[in-house]
Every structure is written in C-alpha cells, then in structure tokens.
Amino acid sequence: MIGGIAPSGAQDRYSLRLFVAGTAPRSLRAVEFLRRVCETHIPNRYELEIVDIYQQPDLAERDGILAAPTLLKVAPLPERRISGDLLDEDRLLRVLEIDPAMEAR
C-alpha cells in the first residue's frame with residue numbers, strides 16, 4: 001500500500017475454474033499445484049472451482065473447453081485460459097496476470 005492507497009489490482013479477487021479429466025494423474029497434479037500457487041501468491045483472494053469434464057460436460061461445452069486440464073480465469077477481467085501443462089509457475093502467473101509474491105521470488 002502506497003500513501004494509503006492500494007496499488008491497482010493489488011486486492012483483485014480471482015475467480016478461477018479448472019477443468020480436469022476425472023482422477024487422471026495429470027489432472028490431480030494440476031489441482032494440487034494450482035492450489036499451492038494460489039495460496040502462495042493470492043492467499044484469501046481467490047475462488048477455485050474444479051469441474052470434471054466427464055461429470056459436467058455441459059460446463060465444459062459452455063466454456064469451449066476442448067482439453068483437460070484447462071484453467072479459465074473468469075475474474076478479474078480480461079478472461080484468460082491456459083491448457084496443457086499447468087506446472088510451470090512463471091508461465092501460469094504471467095498468463096493469469098498475477099504478480100509474484102515477494103517472499104516467493
């Protein structure tokens with residue numbers, strides 16, 4: 001906080017939707033990794049919805065999801081998505097437009 005005013009985007013609340021393919025190992029790793037990244041960089045400022053494309057194919061179709069895992073950032077705008085390997089933390093933060101936490105650098 002600078003001069004009593006939070007920097008732009010500093011307190012944005014993130015709404016994330018992760019599409020996974022059941023209990024496939026790649027999907028389970030993506031869920032675990034994403035939760036850790038969120039707790040490190042945006043603790044208490046995110047909502048993570050996990051959608052199994054096998055159990056809720058209508059949600060995947062609605063959001064145009066063709067592969068899993070796929071992460072969709074719903075808020076703050078602009079909407080962003082990242083598919084495939086979600087285990088690259090720097091890439092994930094860059095695509096989601098999340099500033100790295102100071103202690104994680």
Side-chain angles (χ1 to χ4, degrees):
M1 193 174 284
I2 301 167
I5 299 173
S8 176
Q11 294 303 313
D12 285 338
R13 185 126 182 103
Y14 287 80
S15 179
L16 306 170
R17 190 173 300 135
L18 178 62
F19 292 87
V20 297
T23 58
R26 189 173 178 182
S27 292
L28 295 176
R29 280 192 306 272
V31 170
E32 181 181 313
F33 183 76
L34 184 58
R35 284 189 173 135
R36 184 177 60 75
V37 168
C38 288
E39 283 301 314
T40 299
H41 299 283
I42 52 172
N44 304 314
R45 294 181 26 228
Y46 73 97
E47 175 183 309
L48 177 60
E49 177 184 6
I50 309 294
V51 178
D52 184 332
I53 62 172
Y54 297 135
Q55 294 182 12
Q56 298 176 292
D58 53 320
L59 291 179
E61 185 176 336
R62 178 196 70 193
D63 286 333
I65 303 302
L66 302 175
T70 294
L71 178 63
L72 181 64
K73 179 184 85 164
V74 180
L77 293 175
E79 188 175 279
R80 298 274 191 232
R81 65 181 60 211
I82 183 171
S83 297
D85 181 13
L86 302 181
L87 303 181
D88 182 337
E89 186 170 342
D90 290 333
R91 178 175 172 244
L92 188 62
L93 293 173
R94 194 172 48 256
V95 170
L96 297 178
E97 300 176 320
I98 296 172
D99 292 327
M102 292 300 285
E103 62 275 5
R105 289 184 181 172

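Just the heavy atoms: all of them, side chains too, but no hydrogens, waters or symmetry mates, feed the values below.
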* Asked: In Å, rounded to the nearest 0.5 Å, how long is the span from CG of L16 to CZ of R81?
  -> 13.0 Å
* Hey, quick one: are V51 and Y54 part of the same hydrophobic cluster, counting side-chain heavy atoms closer than 4.5 Å, chains of contacts allowed? -> yes
* **Option passing side-chain contact (heavy atoms from CB on, under 4.5 Å) with L86 (candidates L71, V31, V95)** => L71
* **Shortest non-hydrogen contact from P78 toward E97** => CD-OE1, 3.6 Å
* Which atoms form the tightest heavy-atom contact between F19 and D63, and what is the distance? -> CZ-OD2, 3.2 Å
* To do: Treat each ILVMFWY residue as a node, draw an edge where side-chain heavy atoms are under 4.5 Å apart, and state whether L72 and V37 are in one component.
  => no
* Asked: Looking at CZ of R62 and CD of Q56, how far apart are the two atoms once the value is rounded to the nearest 0.5 Å?
  -> 9.5 Å
* Asked: Mind checking whether I65 and L48 sit in one hydrophobic cluster, side chains of I, L, V, M, F, W, Y counted as touching below 4.5 Å?
  -> no
* Asked: Quick one: side-chain contact (heavy atoms from CB on, under 4.5 Å) partners of L87, sequence neighbours excluded?
  -> R29, F33, D85
* What residues form a side-chain hydrogen bond (donor to acceptor under 3.5 Å, both in side chains) with D88, not counting sequence neighbours? -> none
* To do: Starting at CZ of R45, measure out to CG of D12 and round the result to the nearest 0.5 Å.
  => 6.5 Å
* To do: Verify the neighbour count for atom CD of E32: are there more than 12 heavy atoms of other residues, nucleotides or ligands below 6.0 Å?
  => no
* Please report the closest heavy-atom contact between I98 and H41, naming both atoms and the distance. => CG2-CB, 4.0 Å
* **Neighbour count above 12 (heavy atom, 6.0 Å) for N44 CG** => no
* Asked: If you group Ile, Leu, Val, Met, Phe, Trp and Tyr by side-chain heavy-atom gaps below 4.5 Å, do I82 and I53 land in one group?
  -> no
* Structure fact -> So CG of L18 and CG of L34: to nearest 0.5 Å the spacing works out to 6.0 Å
* Same cluster (ILVMFWY, side-chain, under 4.5 Å), L28 and V20 -> no
* Using the test side-chain hydrogen bond (donor to acceptor under 3.5 Å, both in side chains), find all partners of E47 that sit at least two apart in sequence or belong to another chain. => none
* **Short side-chain to backbone donor-acceptor contact, S27 and A21, under 3.5 Å** => yes
* To do: Could you grab the distance from atom CG of L96 to atom OH of Y46, nearest 0.5 Å is fine?
  => 13.0 Å
* Structure fact -> When rounded to the nearest 0.5 Å, the distance separating CZ of R94 from CD of E89 is 11.5 Å
* To do: Verify the neighbour count for atom CD of E39: are there more than 12 heavy atoms of other residues, nucleotides or ligands below 6.0 Å?
  => yes
